[in-house]
Amino acid sequence: MAAKPEKVFYGSGVSAGVVLGQALKFESHTRLLLKVHVDDIEAEVRRYLRAIEASKEQFKALKSQLEEKVGSEHGIILDAHLLMLEDRSLNSEILENIRNSHANAEWVLMQATDQLVQAYQSLEDEYFRERHSDIEHVADRIQLNLSGDRPFSWEHLSGDQIIVSREFSPSDFATVDLPKVRGLVLESGGRTSHTSIICRGLLLPAVTGLRDFLSHVATGDTLLLNGDDGQVIVNPTPARIEAVRRRLEAFGAYPPDSSPAQFGTAALTKDGTAISLRANTEMLHELSAAKNCGAAGIGLFRSEFLYFGHPQGYPEMEEQLAVYRRLAREMSPYPVAIRTLDAGSEKVGGSPDFTQQENPSMGLRGIRLSLYARDAFLIQIEAIFRASCDGRIEIVLPMISTIEEIWQAKILIDQVRSKVRESVGPAIQAVPLGAMIEVPAAVFSLEVLAKEVDFLCVGTNDLIQYMLAVDRGNPQVAYLFQPLHPTVLHCLDHIAKVAKGLNKPVRICGEISSNPFYAVLLLGMGFTQLSMNPLSIPTIRRVLREIPIDVSRQIALKALTFITAQEVYEYLTNVVAKLVPWDLSSYAKEIAPQNGRNGK
Ligand code: PEP
Ligand code: MG
């Protein structure tokens, strides 16, 4: 058989590394179902009931695998599926329809599913509307068991799978056998989408924004994925594979220093200035990486991941307390900044009060949602205060755009503090309050806002999105998401100056902290606290060791004089490359301005 022709595609490299593997199309199961007349109705009914029982067993097994892999708090996604399988009214309606219509169970189930999905999709409430995918997932499992097909199993797959999909949500990580996954290629998504952030945390090379890719690739095709420059080659020629192998052997796939530092050790610049490097985390299983990489605490715990797919819309107080307690205890004596629910945009489908919105990134999200759905906010704050007895905890409020939001939140926080103090007594600890600075309005009223809080966290992922009016997850405008845009630089410089003038601690929490070139720029502007994905900490620590603080100041001053991102890029990458004695070119690509629509 003739070899399949090689095809080359370009997207955005969002998680570094070069890998060779086999494509595995990750799509929901689609099948053509036909209506068949059934004579023995009771046999058909028994067939349906057997499929339900088999599905239950499989979901239970999946649940324990999921809990083992990504933490017990995520098993509830499958509890919701089990509840649906046990829904008596739905099952009796299906059984009745089988009996009345003499139709096969697959057909009757498909009709019932279509109706339910349509009904859910037309709901006003975004949380319930989003639940249609749970119904499809459950129905798909029953259909698999009815057809006698084996449910999709990773058991017989080799360990070199590259997942190819249109979309891949953070919760999809739970359904895959991670040790067998070498990379991820997506048609959607951008560098700062949460899926990309998780890939970087897992050191899983990934490319996103490859339009129409799925129609050019089949499961089993060989893929050569380059997460550094965004190139994906389908069915690469043997000569190409050999060339890449030789290159990888010569240079190594990963940056030179991955050697861990002791938990909590401060990074030092060449002249000995201490820089605090903390970790950004979403899930408990990242804590060991944070500790092994020497993080001086958690700079940002994205608590919305606890709410994701939760059957009630939000986790109860005890459930949250267990997670926050573990964070506090495991990171002790270093602090953990818990960001209150930042639902909205692409992160969480919704909560019970998260109403339908045309433009979720600018809608009822972050602190706005918490002040609207106060009961959920009060529960979260109570869990945080109770956990404060077990370590050093900080609260961070997301998406602050007005002083009133801080005032209102503080009234609620004070109420909860008094309530918790009554029950736990003096064990309750001081919990410093911080505000995320990630909306232009917050930057320009920084003095006023800063006086109301104990510290500031700069969320550059959102700040760049709102400052430049570029959706951070939209591959069509990814070329406009320019971290080196002079406006962004001036904005950050302003934040550093105001914070210094007020003597207010400030931490950069966006993805730019983990870029060595950008870290030098931030240092030069006066930022001495950075928070990033845990696995980037060793590299940033090593780069900072090469940089005298005075030199970084000169670099920042000069960078602020340019009027295009391209000029800043050329200057910054050249000057830092001369100070650091190893190749950082793969990091340069992360911040390189692209030329125009669709870049390359
Ligand atoms: C940010 O916006 O930069 C940030 C740190 O928060 P998130 O990426 O979760 O929006
Ligand atoms: Mg943000």
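As the structure lists them, so they are numbered: ligands from 1, and atoms in each ligand from 1.
Residue contacts with ligand 1: Arg302 is placed with a nitrogen or oxygen under 3.5 Å of a nitrogen or oxygen of the ligand (distance criterion only). The shortest N or O to N or O distance between Asn461 and ligand 1 is under 3.5 Å.
Side chains of Asp462 and Val439 form no contact here, defined as non-hydrogen atoms less than 4.5 Å apart. No side-chain heavy atom of Tyr569 sits less than 4.5 Å from a side-chain heavy atom of Phe517.
When each atom of ligand 1 is checked for a heavy atom of Glu438 under 4.0 Å away, the hits are 1 (C), 2 (O). Those atoms of ligand 1 with a heavy atom of Gly510 less than 4.0 angstrom away are 3 (O). Those atoms of ligand 1 that come under 4.0 Å of a heavy atom in Leu300, given as number and element, are 5 (C). Less than 4.0 angstrom separates some heavy atom of Asp462 from each of these atoms of ligand 1: 1 (C), 2 (O), 3 (O), 10 (O).
Distance check: Ser586 OG to Asn226 CG gives 9.5 Å after rounding to the nearest 0.5 Å. Atom CZ of Arg417 and atom NZ of Lys410 lie 9.5 Å apart (nearest 0.5 Å). Here CE of Met399 is found 6.5 Å from OG of Ser401. Values are rounded to the nearest 0.5 Å.
Relative to atom 10 (O) of ligand 1, the option among Arg507, Arg472, Glu282 with the closest non-hydrogen atom is Arg472.
Remark: Arg507 engages Glu394 in a salt bridge, criterion side-chain N to carboxylate O under 4.0 Å.
In this structure, OE1 of Glu438 and OD2 of Asp462 enclose an angle of 100° at the Mg ion (ligand 2), rounded to 10°.
Residue Arg339 places a heavy atom less than 4.0 Å from ligand 1.
Partner Arg200 forms a salt bridge (Lys or Arg N to Asp or Glu O under 4.0 Å) with one of Glu282, Glu286, Glu511 and no other, that one being Glu511.
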